[in-house]
Trainee: 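Please find one structure pasted underneath; my questions will follow.
Model, not experiment: these values are computed from the prediction. Order of appearance sets the numbers: ligands from 1, and atoms from 1 within every ligand.
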Amino acid sequence: MHLIAYVNGKFQSLHNAMIHIEDRGFQFADGVYEVVACYQDNFIEMGAHLQRLEQSCQKINIELPASLCEIRNLIERAYRFNRIPNAMIYVQVTRGMAPRTHAYPETIQPSLIITVRPLPEVSQEKLAVGYRAITLEDIRWKHCDIKSIALLPSIMGKHEAQSRGADECFWVDEEKHVLEGSSTNIFAIKGSEDLAEIFKSNKKEQTHILLTHPLGSRILGGITRDLVIRSARKLGMTIEERPWSLEENGITECFVSSTTNAAMPVYSVDDNSVGTGKPGPVTTQIRQLVLNEFYA
Ligand code: PDD
């Protein structure tokens, strides 16, 4: 069966239909879709599907690359070109192509893809017995420990942060515990002594504590997070991997970590200064140790 697809302005053989590897649909699952059924020229609830497509786009701040009327027309043409009487038509809209970074540029041209396939046929035998089902706990959007390409929530968080003049968002749980950032792990430091002084005096004990959320399904186990913990141990700090919140007493510094940031100080959260409101000495030391590992 020779199938025809529509990709960004062109109908072409499905075999040759391509999307750029820097399309954010591929890089981040940064896009939305609809599946419309068509039985013998009869498009089922086309209006409702188009309306939901428009709403989905609005919710993630993608401007539809064509009017709903034009998209309807393209869907009808794709159906006719493919000559499949009972068809399902996939309509995908992604944010478009840009060099990979969570924050997306304001001027980006969304991608529009339409493909047509035969509707799966249900056999009489299956219909006679019906389906068999199981129950599962709803895990959707809940497996932050998997470094999945499906980063749409992270994209939404980064965009919200940037639109409010911030560099990163901190995801917090129902009890305001700090989990992780949109693309970073998060740490706090408690304790008031100057680390440089501790080193100079060669004092074994010191009071600095490194706080970070424990591993589990609510955060990604960052490779840099491990480097940070190892570095903090070298500095003789106490590591506490436990739920913590920004309201906790005694927090003097805060920083984020990732492959692309090493350890990056955070001076303000929700317009409240952290500690002195400047990158702190402990963060600076940890950053240096992490960078030493990077450049080793
Ligand atoms: N992001 N948490 C999240 C949600 C992340 O996306 C990342 C990394 C991290 C830190 O992991 P690591 O230290 O292994 O880089 C934590 C990468 C840098 C990205 O998506 O660009």
Trainee: What does the 4.0 Å heavy-atom contact list look like for ligand 1?
Mentor: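 Contacts of ligand 1 under 4.0 Å: R100, H102, K147, E180, G181, S182, S183, T184, N185, L220, G222, I223, T224, S257, S258, T259, T260.
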
Trainee: Tell me, please, which residues at least two apart from Q109 pass side chain to side chain donor-acceptor pair (under 3.5 Å).
Mentor: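 Scan of Q109 (side chain to side chain donor-acceptor pair (under 3.5 Å), adjacent residues dropped) gives none.
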
Trainee: Does the pair R218/E174 count as a salt bridge with the N-to-O cut at 4.0 Å?
Mentor: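 Salt bridge: yes.
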
Trainee: We want to know whether Q27 and D23 form a side-chain donor-acceptor pair, criterion being a heavy-atom distance below 3.5 angstrom.
Mentor: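 Looking only at side-chain atoms, D23 and Q27 do not form any donor-acceptor pair under 3.5 Å.
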
Trainee: Among all residues two or more places apart in sequence or in another chain, which pass the side chain to side chain donor-acceptor pair (under 3.5 Å) test with Q51?
Mentor: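 Partners of Q51 under the side chain to side chain donor-acceptor pair (under 3.5 Å) test: none.
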
Trainee: Do you see a donor-acceptor pair shorter than 3.5 Å between the side chains of S217 and D145?
Mentor: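 Side chains of S217 and D145: no pair found under 3.5 Å.
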
Trainee: Could you tell me which residues satisfy ring pair (Phe, Tyr, Trp, His ring centres under 6.0 Å) with Y6, sequence neighbours excluded, listed by chain and number?
Mentor: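 In terms of ring pair (Phe, Tyr, Trp, His ring centres under 6.0 Å), with neighbours along the sequence ignored, Y6 is linked to F11.
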
